[in-house]
Amino acid sequence: MRGIIFTVLMLAAGFVSAADGEEAGAKVHEYFDLFNKKDVETIAHRIYSSPVHVGGGDGHRVYANPTEAIDSLNSFYTVLADQDWRESVISDLQVCQLSPTLALVDTQFSRITSSGDPIPPETRTTLYVLQMIDGDWRIVSFYGHDPANRPACGGD
């Protein structure tokens, strides 16, 4: 299923010209800032648009509503604490604005420990799907994937 969704998104990116996409990219930066502050309420209510589909690794899940997103994020912070996580830092964004209301933001980032070292793997890659809802970009799904297989935007 993950492969099908990723392939569809990659094909869509190939048929629509790349646009500036600065606002969609800015929303992902805002998300990372809030994530680093552990502001789960704002993430669940202002960054995500429920339901949110999350995929990658060995499975998929859905945050059906903000409460489920908050619970999942809080559980994930426990996992990160066990790894001595301090923050997640973006190293690269590739933005494909597919239409005025749909954008893909492929993000390379690292999770950093309290001593400043990256938590392996050093480079992580997640594709965020954003939709313009009521004049604001919202994350509607995201998928972890192999850093070597980033989607192209408009034939790049």
Side-chain angles (χ1 to χ4, degrees), residues 1-40 42-63 69 72-73 76-77 79-80 83 85-113 116-156:
M1 181 69 169
R2 177 182 70 210
I4 293 169
I5 292 169
F6 192 69
T7 301
V8 169
L9 293 172
M10 287 179 63
L11 289 172
F15 290 112
V16 181
S17 300
D20 190 4
E22 286 183 26
E23 291 179 10
K27 181 58 80 168
V28 172
H29 276 286
E30 179 184 2
Y31 172 56
F32 270 69
D33 290 343
L34 293 165
F35 185 86
N36 288 339
K37 294 174 186 173
K38 300 180 183 177
D39 187 347
V40 296
T42 302
I43 291 170
H45 293 284
R46 202 175 88 216
I47 301 296
Y48 292 163
S49 176
S50 298
V52 178
H53 180 245
V54 182
D58 293 329
H60 295 263
R61 63 189 174 281
V62 173
Y63 305 152
S72 181
L73 286 165
F76 188 51
Y77 286 123
V79 172
L80 291 173
Q83 299 173 358
W85 173 84
R86 178 184 69 205
E87 65 181 337
S88 295
V89 178
I90 295 172
S91 59
D92 183 57
L93 290 182
Q94 291 181 1
V95 181
C96 295
Q97 189 162 339
L98 304 176
S99 76
T101 61
L102 185 65
L104 304 178
V105 181
D106 198 58
T107 308
Q108 284 189 334
F109 66 99
S110 297
R111 292 192 180 122
I112 306 299
T113 65
D117 298 318
I119 298 169
E122 186 171 332
T123 302
R124 298 162 187 266
T125 311
T126 299
L127 177 68
Y128 294 92
V129 181
L130 286 82
Q131 186 175 2
M132 179 67 72
I133 300 171
D134 296 329
D136 191 26
W137 287 106
R138 298 293 189 97
I139 295 173
V140 296
S141 60
F142 55 97
Y143 308 95
H145 67 88
D146 182 342
N149 294 318
R150 298 185 80 186
C153 186
D156 289 350

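Fair warning: this is a prediction, and the values are worked out from it, not measured in the lab. The analysis underlying the following values was restricted to heavy atoms, covering all of them including side chains, and did not include hydrogens, waters or symmetry mates. Along the sequence shown, residues carry numbers from 1.
- By the ring pair (Phe, Tyr, Trp, His ring centres under 6.0 Å) test, F35 pairs with Y77, W85, sequence neighbours left out.
- Listed by first and then second residue, the side chain to side chain donor-acceptor pair (under 3.5 Å) pairs that reach into residues 116-132 are S115-D117, sequence neighbours excluded.
- A24 approaches V95 most closely through the heavy-atom pair CB-CG1, 4.4 Å.
- Nearest heavy-atom pair, Y31 versus I43, reported as atom, atom and distance to 0.1 Å: CE1-CG2, 3.7 Å.
- With sequence neighbours excluded, the residues forming a side-chain contact (heavy atoms from CB on, under 4.5 Å) with R86 are I112, listed by chain and number.
- For R61 (side chain) and V52 (main-chain N/O), no donor-acceptor pair under 3.5 Å exists by modelled atom type.
- How far CD of E22 is from CG of L93: 11.5 Å, rounded to the nearest 0.5 Å.
- In this structure, OH in Y48 is found 12.0 Å from OG1 in T42, a value given to the nearest 0.5 Å.
- The side-chain contact (heavy atoms from CB on, under 4.5 Å) check on D134 picks up nothing, with sequence neighbours excluded.
- The two residues V105 and G25 make their nearest non-hydrogen contact at CG2-N, 4.3 Å.
- Expressed to the nearest 0.5 Å, how far CG of D33 lies from CD1 of I90 amounts to 7.5 Å.
- To the nearest 0.5 Å, atom CG of residue L127 and atom CG of residue D106 are 5.0 Å apart.
- Taking both residues in full, the closest heavy atoms of Q94 and P151 are given as OE1-O, 3.6 Å, listed atom of the first, atom of the second, then distance.
- Of all the heavy atoms in P100 and M132, the pair that sits closest is O-CB, 4.0 Å.
- Scanning for ring pair (Phe, Tyr, Trp, His ring centres under 6.0 Å) contacts around F32 gives F109, with sequence neighbours left out.
- Separation of atoms CG (D39) and CD1 (I47) is listed at 9.0 Å; rounding is to 0.5 Å.
- Residues H53 and Y143 have side chains that bring a donor and an acceptor to within less than 3.5 angstrom of each other.
- H45 NE2 to R138 CZ: the interatomic distance, rounded to the nearest 0.5 Å, is 10.0 Å.
- For residues 88-102, the pairs satisfying salt bridge (charged side-chain N to carboxylate O under 4.0 Å, His left out) are D92-R150, with sequence neighbours left out.
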